[in-house]
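Because the structure is a prediction, the values reported are computed rather than measured.
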Protein chains: 2
Amino acid sequence: MTQPTARTRRLNGLRPTLEDVARGSGVSKSTVSRVINGEGKVRAEVVERVREVVAELGYVPNSAARQLVTRRNNAIAVVASQPQNRLFIDPFFDLHLRGIRKELVAHGAQPVLLFLEEEEEYPRVGDFLGGGHVDGALLFSLRACDPLPGMIERLGLPAVFGGRPLVRGGETLRECVYVDADNRGGAREAVRHLVSLGRERIATITGPYDQEASAVDRLDGYRDVLLDSASPELIERADYTRQGGAEAMAALLDRRPDIDAVFVASDLMASGALQVLRERGLRVPDDIAVVGFDDLAPIAEHTDPPLTTVHQDIEGMGRLMARLLFSRTDDPGAPEPSAAEPGALSSVVTPTRLVARHSA
Amino acid sequence: MTQPTARTRRLNGLRPTLEDVARGSGVSKSTVSRVINGEGKVRAEVVERVREVVAELGYVPNSAARQLVTRRNNAIAVVASQPQNRLFIDPFFDLHLRGIRKELVAHGAQPVLLFLEEEEEYPRVGDFLGGGHVDGALLFSLRACDPLPGMIERLGLPAVFGGRPLVRGGETLRECVYVDADNRGGAREAVRHLVSLGRERIATITGPYDQEASAVDRLDGYRDVLLDSASPELIERADYTRQGGAEAMAALLDRRPDIDAVFVASDLMASGALQVLRERGLRVPDDIAVVGFDDLAPIAEHTDPPLTTVHQDIEGMGRLMARLLFSRTDDPGAPEPSAAEPGALSSVVTPTRLVARHSA
DNA sequence: ATGAAAGCGCTAACAC
DNA sequence: GTGTTAGCGCTTTCAT
């Protein structure tokens with residue numbers, strides 16, 4: 001690194017400012033600002049000199065000062081309000097987050113991750129989100145009746161949700177933009193497939209439908225197809241974990257040893273269910289056909305037998321969330337999503353499709 | 001929510017400012033500021049009125065403005081420069097991050113996570129870190145010769161590293177503060193244990209010692225004990241993954257079928273090694289004794305047989321990192337860590353201990 | 001093409 | 001106790 005010369009030495013003991021760079025290169029702050037932001041017309045010669053001084057001083061723009069006037073930060077919050085370890089275990093989040101990050105980065109925005117585990121963290125996170133640190137927020141994996149959607153709306157912060165948020169009874173969100181898979185349609189397809197295979201006693205292992213909209217929707221899809229034959233006896237609720245799937249499968253088998261198929265609302269749960277089936281000496285798909293949901297490659301391709309499941313483009317959904325957000329933050333005058341102005345910016349439901357492997 | 005009255009309606013169309021609150025409650029900005037920050041003496045009556053108006057307006061302080069004058073943000077960056085999915089799979093990071101977050105939150109600081117996967121992301125992240133968004137940084141899981149330590153030092157941003165960073169050949173960090181386990185000592189203890197069991201041909205499966213200091217140190221510990229009997233034939237390098245551990249075990253067995261013990265430098269790798277041993281019909285610990293490293297409960301307690309391993313307090317190390325950082329950020333006048341001023345703030349090596357289960 | 005000056009929203013002396 | 005004032009570092013008209 002070059003030693004700062006007298007000409008460029010900074011005044012105070014702190015980090016160099018625009019002023020320091022201006023002084024060092026013998027131009028005004030405005031000019032330096034123009035160079036930094038690659039804007040207006042500046043003589044090439046001047047540009048170069050300024051650049052040198054910037055490098056020499058190790059100048060980095062203070063984004064607080066910048067934010068104060070531009071009201072932009074080039075940073076987007078990515079918020080997950082779930083126990084961190086659940087996030088770390090489930091491949092779904094890995095993919096989802098990867099899609100989000102890719103698109104954010106491609107757009108030159110800095111993704112800033114916020115995890116919320118405890119109730120008490122909401123106020124602090126709310127202040128952070130409202131404090132102007134970020135230009136917008138992408139939220140996923142919210143818990144049931146999460147206060148976040150309401151807080152976000154009150155703050156007026158542009159946001160897009162991953163998965164339709166389950167809202168509190170009374171509260172009504174003016175309009176919240178989300179990206180979700182066609183959970184209901186996918187579930188219907190899965191169950192229809194089982195029906196087409198001639199299965200007659202089709203059970204289901206659901207997600208936590210008191211907690212997540214996706215679980216509700218997948219169960220609804222199951223019911224759509226089975227109608228009255230969807231006896232409560234054939235429905236067992238679990239929690240989207242492998243262990244939960246295994247327990248639910250066991251419960252189902254104990255209650256109704258005659259079932260010949262099961263639609264499991266997630267691949268992770270399905271892998272648990274398959275294990276129980278194997279332990280009990282039941283052949284898949286001969287004795288019992290199994291269909292999962294998610295199509296997480298690391299799981300579905302390596303179960304025994306490989307899992308027939310409903311595919312959703314998880315990474316693509318992440319990217320879509322980011323793109324939707326930018327469509328709002330890029331244009332400050334853009335229409336706020338509101339009931340009064342419909343279609344300005346609306347939620348997206350992405351398609352799903354059945355991937356037939358060997359379990360059904 | 002109360003409807004803003006004429007008295008409190010904000011002037012511009014944007015978010016309410018201190019000024020708006022002041023106007024609304026008939027006091028000066030300073031007073032409002034005092035109330036918000038719970039500082040100086042303000043009449044209880046006034047406090048209440050201001051609070052009301054704040055709630056009514058949904059006022060949230062603009063932290064850019066605040067940062068500009070206080071030079072603090074109450075946010076700490078937590079940076080991991082590893083492929084995100086590696087982070088998501090390894091329980092080590094989950095624990096480490098949990099410790100970090102707990103301590104940060106307890107201190108009222110907002111943890112802000114930054115993942116770096118690609119080379120190209122460094123400049124953007126550097127600008128973010130240097131831009132005043134955060135008061136300090138906690139970095140872990142750096143890649144080999146990561147440019148981050150150098151960047152951080154140049155920026156003068158207070159930082160603490162998780163694990164001793166491996167530095168580029170030429171470059172010399174003035175002094176970088178880190179928290180690390182006593183990897184070398186732990187490895188020594190593990191190998192000594194095997195020796196005390198009467199094992200004579202003790203192999204080792206190492207981590208990526210070209211990438212991580214911990215791998216170097218654990219290998220050094222192995223050599224410390226075995227000295228000349230540490231033949232290169234008994235050493236197999238892997239990459240801290242389960243799969244890598246399995247492959248290394250196979251390679252070792254092919255090369256030296258006579259080994260009677262193996263020190264595996266991580267639990268994840270050890271679980272892979274145990275599987276290979278089982279597949280080959282070798283009994284553990286009868287035929288081959290195995291000792292791991294990390295003591296990750298979800299792994300070590302559930303291997304077959306349960307794994308004897310070296311325990312390190314991962315969560316505690318995370319907390320310690322945060323505490324070390326605060327000791328610097330809390331006191332702006334605090335001594336910068338520098339060779340000239342030794343002991344002002346130095347790295348910490350935390351103890352390890354052997355946990356005997358059944359694999360050795 | 002470049003400079004001067006105003007001001008973003010807030011805190012921190014300092015007066016009263 | 002409370003108000004006044006002066007910036008923090010930057011972008012942005014508006015002159016020139």
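Taking only side-chain atoms of A:Val46, from C-beta outward, the nucleotide of C:dT2, D:dG9, D:dT12 with the closest atom is C:dT2. In the set C:dC10, D:dG9, C:dG3, D:dG9 carries the atom at the smallest distance from any side-chain atom of A:Asn62. Closest approach to the B:Glu39 side chain among D:dT2, C:dA12, D:dC10 is made by C:dA12 (side chain taken as heavy atoms from C-beta onward). Candidate nucleotides C:dA1, C:dC8, D:dT12 were compared by shortest atom distance to the side chain of A:Thr70, and D:dT12 ranks first. The listed nucleotides are C:dT11, D:dT12, D:dG9; the one nearest the side chain of B:Leu68 is D:dG9. Which of D:dC8, C:dT11, D:dT11 sits closest to the side chain of A:Lys29 comes down to D:dT11. Distance from the side chain of A:Val69 is smallest to D:dT12 among D:dT12, C:dT11, D:dG3.
Distance, A:Glu19 CD to D:dT11 P: 13 Å, rounded to whole Å. If you take CZ of A:Arg66 and C1' of C:dG7, they are 17 Å apart, rounded to a whole angstrom. The CG atom of A:Leu18 sits 12 Å away from the P atom of D:dT12 (whole-angstrom rounding). As rounded to whole Å, 15 Å separates atom C1' of C:dG9 from atom CG of B:Leu57. Separating the CG atom of A:Asn37 from the P atom of D:dT13 is a distance of 13 Å, rounded to the nearest angstrom. Atoms CG (A:Asn73) and P (D:dT11) sit 12 Å apart, rounded to a whole Å. In this structure, CD1 of A:Ile36 is placed 15 Å from P of D:dG9, rounded to the nearest angstrom. Between B:Arg15 atom CZ and C:dG9 atom P the separation is 11 Å, expressed in whole Å.
One finds a salt bridge joining A:Glu121 and A:Arg124 here, because a Lys/Arg side-chain nitrogen approaches an Asp/Glu carboxylate oxygen to under 4.0 Å.
Phosphate contact (OP1/OP2 of C:dT11, side-chain N/O of B:Arg71, threshold under 4.0 Å): absent. OP1 or OP2 of C:dT2 sits under 4.0 Å from a side-chain N or O of A:Arg43. Contact annotation: B:Thr31 reaches the phosphate of D:dG3 (side-chain N/O to OP1 or OP2, under 4.0 Å). An OP1 or OP2 oxygen of C:dC10 is reached within less than 4.0 angstrom by no side-chain nitrogen or oxygen of B:Ser33. The phosphate of C:dG3 (OP1 or OP2) has a side-chain N or O of A:Ser28 nearer than 4.0 angstrom.
One donor-acceptor pair, N or O on each side, does fall under 3.5 Å between the base of C:dA4 and the side chain of A:Ser30. One can find a donor-acceptor pair under 3.5 Å joining the base of C:dG3 and the side-chain atoms of A:Arg34.
Side-chain atoms of A:Asn73 never come within 3.5 Å of backbone atoms of A:Gln67 as a donor-acceptor pair (strictly under, hydrogens ignored). Panel note: side chain B:Arg319, backbone B:Arg98; no donor-acceptor pair is recorded below 3.5 Å. Between the A:Arg15 side chain and the B:Leu155 main chain, a donor and an acceptor come within less than 3.5 Å of each other. Checking side-chain atoms of B:Asn62 against main-chain N and O of B:Ala64 turns up a donor-acceptor pair under 3.5 Å.
Side chains of A:Ser81 and A:Asp146: a donor-acceptor N/O pair is present below 3.5 angstrom, by distance only.
With DNA chain D read from its 5' end, the first of the two nearest nucleotides for B:Lys41 and B:Ala65 is the one closest to B:Lys41.
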